Participant: 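Just passing along the structure, written as structure tokens.
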Amino acid sequence: MYEQLKDYSEDLIPVLDNQNKMLGVITAQSLIDVVDEEMGEDYAMLAGLTAEEDLNEPLKQSMKKRLPWLFALLLLGLLVSAVVGAFEKVVAQLTLIMAFQSLILDMSGNVGTQSLAVTIRVLMDENLTFRNKLKLVGKEMRIGFFNGLLLGILSFIMVGLYIMLFKHKAFLFSFAISGCIGISLILAILISSGVGTLIPLFFKKIKVDPAVTSGPLITTVNDLVAVVTYYGMSWIFLLNILKIV
């Protein structure tokens, strides 16, 4: 109905019963009010809330809406910290890589959020087929790979020059570190694209509003992906293959 008003520039649509008798009309303003309310609810869900909060809402009620998600994210955050702790040996021997951790995490989170936004928008189409969903996943993964490849190459060059010129490290050491960062960035962005697409598709499948999975959950999951990718690559590539200390 909203599409009819938009496509045909109508101000109102008559409502008829089974005998084609007019019961009333639905105005464009009424639909705008409904759409505005739905957008407000979706925006609240993007922040991990179950519904919109009112300025006059009691403190206890607001806390009840936020705490379940915050508790779940706390557990995921502890898991991320535990994973970092598991790579303590890598960090102890290559303290410089800590300086670039946020680069991997931020890019991974940003890419995941982009894929999530596209997926939620596509899922608004109730007639979406399984083939369409596969096409969406494939497209987002391809975009993630090529964006990651480009950003990985740029990171390899820029980070390598930064370490060599400003940290006064040897050429091999500098570009070994930047190479690890570049490869990690490609993998993290690729996986994050898939995560940002597959998680809302899964929630839609089990009849849970995919908007609820947005923002904080995707970001935290992608943080976990980025940490495992970055420190795992550092351990394999720098310590075991190149044996850089």
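Here the structure is a predicted model, which means the values were calculated and not measured. Count residues from 1 along the sequence.
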Participant: Do Ile218 and Ile143 share a hydrophobic cluster (ILVMFWY, side-chain heavy atoms under 4.5 Å, transitive)?
Facilitator: no
Participant: So, for Gly196 and Thr119, which heavy atoms are closest and what is the spacing to 0.1 Å?
Facilitator: O-OG1, 3.8 Å
Participant: Under a 4.5 Å side-chain heavy-atom rule over Ile, Leu, Val, Met, Phe, Trp and Tyr, are Val221 and Ile206 clustered together?
Facilitator: yes
Participant: Is it the case that one hydrophobic cluster holds both Phe166 and Leu96, taking links as side-chain heavy atoms less than 4.5 Å apart, direct or via other members?
Facilitator: yes
Participant: Does the side chain of Leu76 reach to within under 4.5 Å of the side chain of Leu217, using non-hydrogen atoms?
Facilitator: yes
Participant: Check residues 232-242 and write down every donor-acceptor pair under 3.5 Å in which the side-chain atom is one partner and the other belongs to a residue at least two apart or another chain.
Facilitator:
| from | atom 1 | to | atom 2 | distance (Å) |
| --- | --- | --- | --- | --- |
| Ser234 | OG | Tyr230 | O | 2.9 |
| Asn240 | ND2 | Trp235 | O | 2.6 |

Participant: Contact between Tyr231 and Met98 at the side-chain level, heavy atoms closer than 4.5 Å - yes or no?
Facilitator: yes
Participant: Looking at every heavy atom in both Leu116 and Pro200, which two are closest together, and how far apart are they?
Facilitator: CD1-CG, 3.6 Å
Participant: Check step by step if side chain to side chain contact (heavy atoms under 4.5 Å, CB included) holds for Leu136 and Asn132.
Facilitator: CA-CA 6 Å; Leu136 173 64; Asn132 294 141; over 6 Å; no
Participant: Is a side-chain N or O of Ser178 found less than 3.5 angstrom from the main chain of Phe175, in a donor-acceptor match?
Facilitator: yes
Participant: Less than 3.5 Å apart, any donor N or O on the side chain of Ser193 or Glu140 sitting next to an acceptor on the other?
Facilitator: no
Participant: If only atom types and distance count, is the side chain of Ser108 paired as donor or acceptor with the main-chain N or O of Asn222 below 3.5 Å?
Facilitator: yes
Participant: Suppose we screen for side chain to side chain contact (heavy atoms under 4.5 Å, CB included). Which residues come up paired with Leu105, at least two apart in sequence or across chains?
Facilitator: Gln101, Asp223, Ala226, Val227
Participant: Nearest heavy-atom pair of Ile181 and Ser155: which atoms, and what distance?
Facilitator: CG2-CB, 4.5 Å
Participant: Can Ile153 be reached from Phe171 by stepping across I, L, V, M, F, W or Y side chains whose heavy atoms are under 4.5 Å apart?
Facilitator: yes
Participant: Enter the distance from Ile244:CD1 to Leu172:CG here, rounded to the nearest 0.5 Å.
Facilitator: 5.0 Å
Participant: Is there a side-chain contact between Leu94 and Ile97 (heavy atoms, below 4.5 Å)?
Facilitator: yes
Participant: How long is the straight-line distance from OG of Ser115 back to CD1 of Ile120, given to the nearest 0.5 Å?
Facilitator: 11.0 Å
Participant: Are Leu161 and Met158 grouped together when hydrophobic residues (ILVMFWY) are joined by side-chain heavy atoms under 4.5 angstrom apart?
Facilitator: no
Participant: Heavy-atom count around Lys133 NZ within 6.0 Å, excluding the residue itself: above 12?
Facilitator: yes
Participant: Quick check for you: to the nearest 0.5 Å, what is the distance between Tyr162 atom OH and Ile177 atom CD1?
Facilitator: 13.0 Å
Participant: Side chains of Ile104 and Phe100, heavy atoms from C-beta outward: is any pair under 4.5 Å?
Facilitator: no
Participant: Under the side chain to side chain contact (heavy atoms under 4.5 Å, CB included) criterion, do Leu79 and Leu75 qualify, and how do the steps go?
Facilitator: CA-CA 6 Å; Leu79 180 59; Leu75 295 179; over 6 Å; no
